[in-house]
Amino acid sequence: MNTKTILRILSIVVIVALAWTLRANAVQNLPIDYDEDDYMRAGQEYTHLIRTSNWSGFLEANYRPEHPPLAKIVFGLSFLSAPEQDIVADRPTTSEPNKYLPRDLLKAGRYTNAALGWLTVLLVAIVNPLAGLALATHTFTIKYVSQIMLEALPALTSFLMVLAYLQFKKNQKTGWLIASAIFLGLTAASKYLYCVIAIAILIDWYLTAKDAEQVKPFLRQAFQWGVLGVAVFFVANPYLWADPLTRLRESVFYHAGYSTGAEEVERANFPFWQQFNWLFVSPKIWHREIFSYAPDVWIAFLAFIGLGRLWKKERVYVLWLAAAMLFLMVWPTKWPQYVLTLTVPLSFAAAEGLSEIWGQVREWWENRRSSKAHFKRSEVRRA
C-alpha cells in the first residue's frame, strides 16, 4: 500500500468521524421541529403492529399517506429499541412543533436518520474525499438527517441508485443495472421527490447511448429498469396492495393541492427562486448555539466554479443538480429540507471547484518561480 493510498484512507476516516460528531451533536441539541410529531406517530403505528405481530395492519397503516411508508417503517423499527409510549396526538399540519414528544423515541428515530446520513457521507467520501468533507459539514444536510424527517433514507438510496448506474455505465454488467432499479424503487417508496434524480440518469444514459449509436438497446434497457423500479416500489409499499390505483392517485395528487392551497404554503409565500436562497444560507440563522460554523455558502460558491470540471469528469452529477434545481424552482412548495435532493451532487461540484482553484494557484506559483532570473556566480564574474 503506497503513501497516497494510506493518506486517502486516513482522510476518509477523519471525514466520517467529523460527520458523525456533527450529526450526533445535532441529534442531541436540535429543538423539536415541524413534522417530527407526524413521522413519530407514523413510526409508532408500525412499532405497535410489529410488537403485536399484526402484519395485515401494514396494508392499512400509513399516517400522512401523501408520503409513501418505507421511511416511516424504518422509524417504526427504530422505536422497537425503546419502551412503547402512548401514540402521539394527531395534529393539523399548521400546528407548532410538539415540544413534548417522548425523548427516548425522539432519540431513537433521530439516531437512525443520523446513521443513514453518515453512511451517505461515507460513500461520497470513498468516491471523492473532498466531496465527502463538503457533505459532512453542510449544515442544512446535518439538520435534516438528524431529525425525524423523511430525508435521510431517500437521500441515501438515490445516491446508491446513481452509483450502481455509474458502475453499469462503466462495465455494462446487468447486475449493476438491476441494483440501480432496486434503489430507484426504494427511493420512490421513501419519498417521491427524490425520484427526480432518475431523470438525470435517463438523460445521461441517452447521451451515452447516442454517442455510441446504441439508442435502441438503451430504450429497451431503460424500459426494463423503470419496470423493475416500479415493481420494487410496489413491493416496498404495502399500503398500496389493498387498493393500488386509488391510494396511489390520492397520494400523488395530494401534493398538487397542498402546494397551491395549503395555509402554511401560502403563509410562507416563498418566491420561485427560494431554493437558491437555501443554498446560500444556513440553519445557523435559526440555531446559532448549535451551528457555530456555516460553510453552506462557500460550498455553493465552490460548486458553481466546479460545474465545468464535474461535467467533464462525470456529467450525471451536473444533470442531477440541474434536474433537481429546475424541479424545485417550478414546484410551488419551497421547504428548506427539499435542498437535500441535490446536496450530494453539490458536494461533488464543490470538490471540483476547490480542485480548480488549487490548480490555478499552483500553476500561478510555478510560473512565478520559473520566471525568476537565475544567475551563476561564474557567469557574474565573467560579465
Side-chain angles (χ1 to χ4, degrees), residues 23 26-47 61-79 85-114 116-117 139-156 187 189-194 239 251-252 254-270 274-275 278 283 285-287 290 328 331-341 343:
R23 282 151 180 76
V27 165
Q28 293 286 350
N29 296 308
L30 279 172
I32 294 172
D33 210 340
Y34 292 96
D35 295 340
E36 286 197 274
D37 57 338
D38 291 332
Y39 302 131
M40 179 179 286
R41 178 188 169 96
Q44 282 183 291
E45 291 184 355
Y46 291 116
T47 304
N62 186 19
Y63 184 69
R64 298 298 184 203
E66 61 269 21
H67 295 296
L70 185 58
K72 305 171 203 174
I73 293 174
V74 171
F75 289 140
L77 291 170
S78 73
F79 295 160
Q85 303 277 349
D86 292 337
I87 196 162
V88 172
D90 181 11
R91 306 169 75 210
T93 57
T94 54
S95 300
E96 291 296 312
N98 184 347
K99 299 179 181 180
Y100 305 102
L101 296 180
R103 289 310 190 261
D104 50 355
L105 296 184
L106 187 74
K107 185 180 293 186
R110 283 186 168 190
Y111 269 116
T112 297
N113 263 358
L116 295 171
T139 52
F140 261 125
T141 301
I142 294 169
K143 173 178 169 61
Y144 287 114
V145 301
S146 302
Q147 296 177 313
I148 302 182
M149 305 287 280
L150 300 181
E151 315 306 318
L153 182 59
L156 172 61
T187 300
S190 302
K191 193 168 184 178
Y192 299 130
L193 175 61
Y194 288 77
Y239 180 67
S251 178
V252 172
Y254 169 89
H255 295 279
Y258 177 83
S259 63
T260 56
E263 178 184 338
E264 55 268 39
V265 176
E266 294 179 349
R267 189 168 60 237
N269 194 30
F270 290 129
Q274 179 62 34
Q275 293 303 331
W278 295 134
I285 61 178
W286 308 316
H287 312 298
I290 299 171
L328 292 176
W331 191 246
T333 311
K334 309 289 184 182
W335 301 138
Q337 62 265 33
Y338 292 178
V339 79
L340 267 67
T341 58
T343 53

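For clarity, every value in this text was computed on a predicted model and none was experimentally measured.
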Applying side-chain hydrogen bond (donor to acceptor under 3.5 Å, both in side chains), can you list everything that pairs with [X], at least two apart in sequence or on another chain?
X: Tyr194; result: Glu151
X: Tyr192; result: Ser251
X: Gln275; result: none
X: Thr47; result: none

Determine whether Tyr34 and Gln147 satisfy the following criterion, side chain to side chain donor-acceptor pair (under 3.5 Å), listing intermediate values before the conclusion. CA-CA 10 Å; Tyr34 292 96; Gln147 296 177 313; over 6 Å; no
With Glu66, which residues qualify under side-chain contact (heavy atoms from CB on, under 4.5 Å), at least two apart?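 Checked Glu66 against side-chain contact (heavy atoms from CB on, under 4.5 Å); matches are Arg64, Tyr254, His255.
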The criterion is side-chain contact (heavy atoms from CB on, under 4.5 Å); which residues satisfy it with Asn29, sequence neighbours excluded?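 Asn29 satisfies side-chain contact (heavy atoms from CB on, under 4.5 Å) with Asn25, Ile290 only.
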Compare every heavy atom of Ser190 with every heavy atom of Leu70, then report the nearest pair and how far apart it is.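 That closest heavy-atom pairing would be CD2-OG, 3.6 Å.
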On a heavy-atom basis, which atom in Thr139 and which in Pro283 lie closest, and how many Å separate them?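 The answer is OG1-CD, 3.2 Å.
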Considering only heavy atoms from C-beta outward, does the side chain of [X] approach that of [Y] to under 4.5 Å?
X: Pro65; Y: Tyr239; answer: yes
X: Leu193; Y: Leu328; answer: yes
X: Arg110; Y: Gln28; answer: no

Give, for atom [atom1] of [X] and atom [atom2] of [Y], the distance between the pair rounded to the nearest 0.5 Å.
X: Phe140; Y: Leu340; atom1: CZ; atom2: CG; value: 9.5 Å
X: Ile32; Y: Ile148; atom1: CD1; atom2: CD1; value: 8.5 Å
X: His287; Y: Lys143; atom1: NE2; atom2: NZ; value: 3.0 Å
X: Ile73; Y: Phe75; atom1: CD1; atom2: CZ; value: 12.0 Å
X: Met40; Y: Leu101; atom1: CE; atom2: CG; value: 4.5 Å
X: Ser146; Y: Asp33; atom1: OG; atom2: CG; value: 11.5 Å

Set out, in order, the CA-CA distance, both residues' side-chain angles and the distance that settles side chain to side chain contact (heavy atoms under 4.5 Å, CB included) for Thr112 and Val74, then state yes or no. CA-CA 8 Å; Thr112 297; Val74 171; 3.8 Å; yes
Using only atom types and a distance under 3.5 Å, with no angle test, would you say the side chain of Asn62 pairs donor to acceptor with the backbone of His67?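 It does hold such a pair.
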Is a side-chain donor or acceptor of Gln44 paired with a backbone partner of Asp86 at a separation under 3.5 angstrom?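 Checked: pair present.
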I'd like to know whether Ile87 forms a side chain to side chain contact (heavy atoms under 4.5 Å, CB included) with Glu45, so could you lay out the CA-CA distance, the side-chain angles of the two residues, the decisive distance to 0.1 Å, and finally the verdict. CA-CA 8 Å; Ile87 196 162; Glu45 291 184 355; 3.6 Å; yes
Under the salt bridge (Lys or Arg N to Asp or Glu O under 4.0 Å) definition, can you give me all pairs with a residue in residues 98-109, not counting sequence neighbours?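 Sorted pair list comes back empty.
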Apply side chain to side chain contact (heavy atoms under 4.5 Å, CB included) to Trp286 and Leu30, showing your working. CA-CA 10 Å; Trp286 308 316; Leu30 279 172; over 6 Å; no
For [X], what residues pass the salt bridge (charged side-chain N to carboxylate O under 4.0 Å, His left out) criterion, not counting sequence neighbours?
X: Asp35; answer: none
X: Arg91; answer: Asp37
X: Arg23; answer: none
X: Lys72; answer: none

In chain order, what residues pass the ring pair (Phe, Tyr, Trp, His ring centres under 6.0 Å) check against Tyr46, with sequence neighbours excluded?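 Only Phe58 meet the ring pair (Phe, Tyr, Trp, His ring centres under 6.0 Å) criterion with Tyr46.
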With side chain to side chain contact (heavy atoms under 4.5 Å, CB included) as the test, would you mind laying out the steps for Tyr338 and Lys191 before giving the verdict? CA-CA 11 Å; Tyr338 292 178; Lys191 193 168 184 178; 3.9 Å; yes
Check: Asn113/Tyr144 side-chain N/O donor and acceptor closer than 3.5 Å: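 Absent: no donor and acceptor within the cut-off.
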